[in-house]
Amino acid sequence: EDPWTQLTMSPAPSGLFGMTAVSLENSDDRLLVFGGSQELFFLDLLNSRAPSATDGSLRYRDLQFRSKKASEQTITSYSSISSHSEVANSTTVIMFGGFVKNMLTSAVYIYDLNSASPSLG
């Protein structure tokens, strides 16, 4: 038996790379996905070129696997972030480093899981 199952989410989230996901405590079917980019900036780094800054905004996704539902928001009050590290506990998500606006950073972002919505976090 194949241990892998590909789910088709509705609506289908846009394709990104460099995002991170956290599972929610007391929820075995839900992930919050933060960040990601459609820009191939890492190729610039591999070729020793400074990546171009972008004016994108932070993306946030809520994926619910049992119901195969996905929601996606763009949080315009924060710049895009990708290829970062992320940890979480029952109340807080902490994102560190990666790229903000496609520029290498050591920024730290903290998101309160108890906020009413991602844009209010």
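Each residue takes its place number in the sequence, starting with 1.
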At what distance, to the nearest 0.5 angstrom, does CG of L31 lie from CZ of R61?
-> 12.0 Å
Distance col, row E86:CD vs L32:CG, nearest 0.5 angstrom, shows 8.5 Å
dist S82:OG -> L16:CG (nearest 0.5 Å) comes out at 9.0 Å
Would you mind listing the cluster partners of W4? Hydrophobic ones only (ILVMFWY), side-chain contacts under 4.5 Å, chaining allowed.
-> none
May I ask whether V22 and F65 are part of the same hydrophobic cluster, defined by side-chain heavy atoms of I, L, V, M, F, W, Y residues being less than 4.5 angstrom apart, directly or through others?
-> no
Between T8 and K68, what is the shortest heavy-atom contact and its length?
-> O-CB, 3.7 Å
Connected via hydrophobic side-chain network under 4.5 Å: I75 and M95 = yes
Which pairs, with at least one residue in residues 91-105 and sequence neighbours excluded, count as a side chain to side chain donor-acceptor pair (under 3.5 Å)?
-> N89-T91
Correct closest heavy-atom pair for S90 and L113 would be O-CD1, 3.9 Å
Any L7 side-chain heavy atom under 4.5 Å of T5 side chain = yes
Residue list, side-chain contact (heavy atoms from CB on, under 4.5 Å) with L104, at least two apart or on another chain = F99
Any chain of hydrophobic side-chain contacts (each under 4.5 Å) joining V33 to I94?
-> no
side-chain hydrogen bond (donor to acceptor under 3.5 Å, both in side chains) partners of Q64, counting only residues at least two apart | none
With a 4.5 Å limit on heavy-atom distance, are the side chains of L58 and S80 in contact?
-> no
Identify which one of F96, Y60, Y109 satisfies the ring pair (Phe, Tyr, Trp, His ring centres under 6.0 Å) criterion when paired with F34.
-> Y60
Given side chains that start at C-beta, do those of S14 and R59 come closer than 4.5 Å, heavy atoms only?
-> yes
Taking ILVMFWY side chains as joined if any heavy atoms are under 4.5 angstrom apart, and letting links pass through other members, which residues group with M103?
-> none
Closest heavy-atom pair, M9 versus A70, reported as atoms and distance to 0.1 Å, is CB-CB, 4.0 Å
Could you grab the distance from atom CD1 of I81 to atom OG of S57, nearest 0.5 Å is fine?
-> 13.0 Å
For F17, check ring-ring contact (aromatic ring centres under 6.0 Å, His included) against everything at least two apart and list the hits.
-> F41, F42
With hydrophobic residues grouped by side-chain heavy-atom distances under 4.5 Å, do V100 and M19 end up in a single group?
-> no
